[in-house]
Amino acid sequence: MERTAVRDLLNREAPLDAVRACGWVRTRRDAKGLSFLEVNDGSCLRNLQVILEGPLAAEPLLRRLTTGSAVAVEGALVASPAAGQRWELRARRLELLGEADPETYPLQKKRHSDEFLRGIAHLRPRTNKYGALFRIRSEAAFAVHRFFRERGFVHLHSPILTGSDCEGAGELFRVTTLREPPPAGGGGENPFAADFFGREAHLTVSGQLEAELFACALGRVYTFGPTFRAENSNTPRHAAEFWMIEPEMAFADLEEDMALAEALVKELVRHLRAHCAEDLELFARWVDPELPARLDLLVERPYERIPYAEAVRILQASGERFEYPVREGGDLQTEHERYLCERHVGRPVFVTDYPKEIKAFYMRVNDDGRTVAAMDLLVPRVGELVGGSQREERLEVLERRMEEAGLPRDRYWWYLDIRRFGTVPHAGFGLGFERFLMLATGVANIRDVIPFPRTPHNLEF
RNA sequence: UCCCCGAUAGCUCAAUCGGCAGAGCGGGUGGCUGUUAACCACUAGGUUGCAGGUUCGAGUCCUGCUCGGGGAGCCA
């Protein structure tokens with residue numbers, strides 16, 4: 001008999017005489033002559049209550065039906081006479097597919113700490129919270145593709161391996177097949193001649209440069225893939241491997257860039273509310289009671305837009321006692337960003353037009369000659385969710401900026417070629433997928449929104 | 001990488017001033033009941049993260065290390 005997902009069984013409008021359900025036992029409750037089994041198969045948050053009677057509710061079978069064991073049950077889906085569930089499965093046959101020793105099975109019928117569950121990341125998707133989380137993650141990923149597809153974007157598979165050794169976005173992981181690789185940066189006559197690529201190779205820190213090339217051919221593209229940063233960052237918002245969404249639009253300026261970012265965040269939230277209501281409810285109930293109100297803030301009103309210079313004035317006039325003083329021309333500290341977003345504006349805010357000295361070489365220099373057409377989207381709790389800019393499309397200006405940044409022009413000949421042949425204004429941004437999930441669920445640590453987190457000294461599983 | 005905090009039963013935690021290492025949950029056994037965070041009784045379970053030091057005596061004080069959490073920097 002074919003298996004039916006628990007979700008489909010529980011959503012039935014009418015009873016069914018013969019069905020087969022498979023899943024993992026969450027708990028068992030025994031009564032006189034019968035036993036109740038809660039079975040979850042991951043298709044939804046809810047469990048299927050299975051009724052065992054007669055020989056099925058007798059030893060020695062019963063004692064082996066423990067929390068965590070896997071079962072296949074066949075029987076009739078009938079209306080439940082008791083409160084708590086609409087349907088239940090009256091079992092005629094039960095097959096114990098896999099036992100789980102209750103002495104050693106780590107998951108108990110109780111609440112576990114996130115730290116503990118990180119240590120058993122192979123089992124944590126079997127809990128209510130992480131099952132819901134990863135269903136939400138999957139649905140959000142689908143919504144990303146739908147969003148861009150509906151707007152005529154082409155999905156670009158940008159490379160994971162890169163030969164660019166200084167993309168200006170943090171430390172890179174080196175990739176080599178050599179048993180004894182030469183020191184980073186090399187020196188002398190190509191020390192990587194014997195390596196696989198014959199030159200120094202790394203894992204990508206961004207698909208942006210490649211996305212720019214394709215945007216200047218296909219018009220509107222986006223990448224959505226893993227990204228790697230070898231920064232020794234130990235915070236709840238950083239991971240060494242994370243997923244980033246990077247759209248890039250030809251014939252677009254910073255205004256359109258911000259409009260796209262705002263539309264994307266809003267659409268993702270709306271999509272999750274429409275398709276993951278049950279799973280989201282768990283987070284509002286157990287993880288973050290403020291979640292529904294915060295999601296309202298994300299969806300309802302236009303996001304604020306504040307130029308950097310004005311942000312500095314606001315901060316200096318705030319009367320707030322910051323640990324680090326607000327300095328014109330300097331980077332905004334985390335405490336400054338939080339004040340702007342959470343206290344001053346109270347909802348997402350774009351900070352734009354930063355001084356060029358503190359931003360990357362590829363960002364377009366504004367007419368004032370001092371600032372660049374850059375934007376950061378700051379959101380409550382998570383901080384920087386999006387970082388983007390209009391790209392420098394003027395060859396001479398870009399070359400000058402690269403020189404100032406100390407970047408070797410010859411390594412980026414292809415990037416510069418795009419400015420030589422039919423250059424056009426274009427813009428794009430990067431959105432941290434895990435940071436979005438933190439925002440959407442209220443989960444406070446990035447390690448808890450990615451299946452198997454990679455952070456300094458953590459490569460288990 | 002820097003600063004702060006922590007590590008005690010399977011899990012979450014307690015242990016006064018340095019003086020016999022405990023509770024709840026989970027597990028096991030028995031009982032009760034169309035149960036649903038099930039309930040009641042009994043029971044097992046410990047090299048107090050690792051290494052060293054001070055002391056008659058260390059879970060407790062000191063040093064180093066490992067791991068974890070929070071904050072900062074970097075950023076998505």
Side-chain angles (χ1 to χ4, degrees), chain A residues 26-38 46-53 57 63 66-68 78 80-85 88 90 100-120 128 167-171 205-208 223-246 261 286 322-324 331-338 358-360 376-379 382-388 429-439 444-450 455-458 460:
Chain A
R26 282 294 175 79
T27 178
R28 193 192 80 220
R29 292 179 295 270
D30 300 329
K32 197 176 194 75
L34 76 165
S35 193
F36 300 88
L37 225 51
E38 296 269 351
R46 286 170 293 162
N47 303 322
L48 176 67
Q49 175 162 282
V50 173
I51 310 299
L52 303 177
E53 291 175 296
R63 75 169 58 235
T66 58
T67 299
V78 300
S80 177
Q85 59 283 315
E88 62 188 26
R90 198 165 284 272
D101 178 6
E103 294 274 7
T104 51
Y105 184 62
L107 291 174
Q108 306 172 353
K109 304 186 299 187
K110 56 172 274 191
R111 219 172 159 184
H112 288 291
S113 67
D114 292 326
E115 288 88 346
F116 172 70
L117 291 170
R118 261 171 237 157
I120 50 168
N128 288 339
E167 291 178 24
E171 296 290 313
V205 292
S206 165
Q208 179 198 316
T223 73
F224 183 13
T227 306
F228 307 89
R229 306 270 167 97
E231 292 289 346
N232 191 7
S233 298
N234 278 289
T235 86
R237 297 179 302 281
H238 292 85
E241 178 185 71
F242 63 99
W243 285 62
M244 191 150 62
I245 300 154
E246 294 181 290
W286 300 106
F322 294 114
E323 193 181 339
Y324 297 89
D331 232 334
L332 296 181
Q333 305 291 317
T334 297
E335 57 175 345
H336 304 150
E337 294 181 344
R338 291 195 66 149
I358 60 174
K359 285 295 182 182
D376 285 355
L377 176 60
L378 309 178
V379 296
V382 172
E384 190 178 336
L385 177 67
V386 171
F429 63 81
L431 183 149
F433 188 52
E434 283 77 17
R435 288 193 180 171
F436 169 77
L437 290 172
M438 293 168 71
L439 185 68
N445 197 312
I446 198 168
R447 290 158 227 210
D448 299 328
V449 296
I450 192 164
T455 52
H457 298 286
N458 184 9
E460 198 65 51

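In this structure, B/G46 makes no Watson-Crick or G-U wobble pair, since no nucleotide meets both defining distances under 3.5 angstrom. Base pairing of B/C2: its partner is B/G71, meeting the Watson-Crick or G-U wobble criterion (both donor-acceptor distances under 3.5 Å). Across all strands shown, B/U29 is found opposite B/A41 as a Watson-Crick or G-U wobble partner, with both distances under 3.5 Å. Pair check for B/G18 finds none; no Watson-Crick or G-U wobble contact set falls under 3.5 Å. Across all strands shown, B/G57 remains unpaired; no Watson-Crick or G-U wobble contact has both distances below 3.5 Å. Pairing for B/A9 is absent, judged as Watson-Crick or G-U wobble with the two contacts each under 3.5 Å.
Closest contact between the side chain of A/P236 and the listed nucleotides B/C25, B/G70, B/C75 involves B/G70. With B/C11, B/C75, B/A72 as the choices, the nucleotide that has an atom nearest any side-chain atom of A/N234 turns out to be B/A72. Of all nucleotides listed (B/G34, B/G69, B/U36), B/U36 comes nearest to the side chain of A/E38. Closest to the side chain of A/A31, from the set B/U33, B/G28, B/C25, is B/U33. Of the candidate nucleotides B/G34, B/C74, B/G28, B/G28 has the atom nearest to the side chain of A/E103. Distances were taken from every side-chain heavy atom of A/F242 (C-beta onward) to each of B/A76, B/G68, B/U35; the shortest belongs to B/A76. In the set B/G34, B/G69, B/A72, B/A72 carries the atom at the smallest distance from any side-chain atom of A/Y324. Counting only heavy atoms from C-beta on, A/E115 has its side chain closest to B/G69 among B/C11, B/G69, B/U33.
With A/L385 as the fixed residue, the side-chain contact (heavy atoms from CB on, under 4.5 Å) test singles out one of A/L378, A/D376, A/L439: A/L439.
The aromatic rings of A/F116 and A/H112 sit tilted relative to each other, their planes meeting at an angle between 30° and 60°.
For the pair A/T27 and A/K110, both in contact range of RNA chain B, the more 5′-proximal nearest nucleotide belongs to A/K110. With RNA chain B read from its 5' end, the first of the two nearest nucleotides for A/N232 and A/R90 is the one closest to A/N232.
Nucleic acid contact class of A/I51 (heavy atoms, under 4.0 Å, all strands): base. Nucleic acid contact for A/S80: base, since at least one base atom lies under 4.0 Å from a heavy atom of the residue. No engagement by A/T67 is indicated, since no non-hydrogen atom pair under 4.0 Å with the nucleic acid exists. Residue contacts shown for A/Q333 are limited to sugar-phosphate atoms, with no base heavy atom under 4.0 Å away. Residue A/E241 is classed as having no contact, given no heavy-atom separation below 4.0 Å to the nucleic acid.
Looking at A/R237, its side chain never comes within 3.5 Å of a backbone N or O of A/R435 through a donor-acceptor pair.
Proximity of A/S113 to the phosphate of B/U12: a side-chain N or O atom is located under 4.0 Å from OP1 or OP2. Within the structure, a side-chain polar atom (N or O) of A/R118 is placed less than 4.0 Å from OP1 or OP2 of B/G69. Taking 4.0 angstrom as the limit, A/R447 places a side-chain polar atom (N or O) nearer than this to OP1 or OP2 of B/G69. For A/R237 and B/A72, the shortest distance from a side-chain N or O to OP1 or OP2 is below 4.0 Å. Checking the phosphate oxygens (OP1, OP2) of B/G73, a side-chain nitrogen or oxygen of A/T334 falls inside 4.0 Å. Proximity of A/K109 to the phosphate of B/A37: no side-chain N or O atom is located under 4.0 Å from OP1 or OP2. Side-chain N/O atoms of A/R29 include none lying less than 4.0 angstrom from OP1 or OP2 on B/C39. The phosphate of B/U36 (OP1 or OP2) has no side-chain N or O of A/Q85 nearer than 4.0 angstrom.
Here OG1 of A/T227 is found 10.0 Å from CD1 of A/I245. Values are rounded to the nearest 0.5 Å. One finds the CD atom of A/E38 at 7.0 Å from the CD atom of A/Q85 (value rounded to the nearest 0.5 Å). To the nearest 0.5 Å, atoms CZ (A/F322) and CG (A/L332) are separated by 9.5 Å.
Between A/T67 and A/K109, the side chains place no donor N or O within less than 3.5 Å of an acceptor N or O (distance only, hydrogens not considered).
The base of B/C74 sits within donor-acceptor range of the side chain of A/H238, with an N or O pair under 3.5 Å.
For the P atoms, the distance from B/U29 to B/C13 is 29 Å, rounded to whole Å. On the C1' atoms, B/A23 is 32 Å away from B/C65, given to the nearest whole Å.
Aromatic stacking of A/F433 on B/A76: not satisfied for centres closer than 5.5 Å together with planes under 30 degrees.
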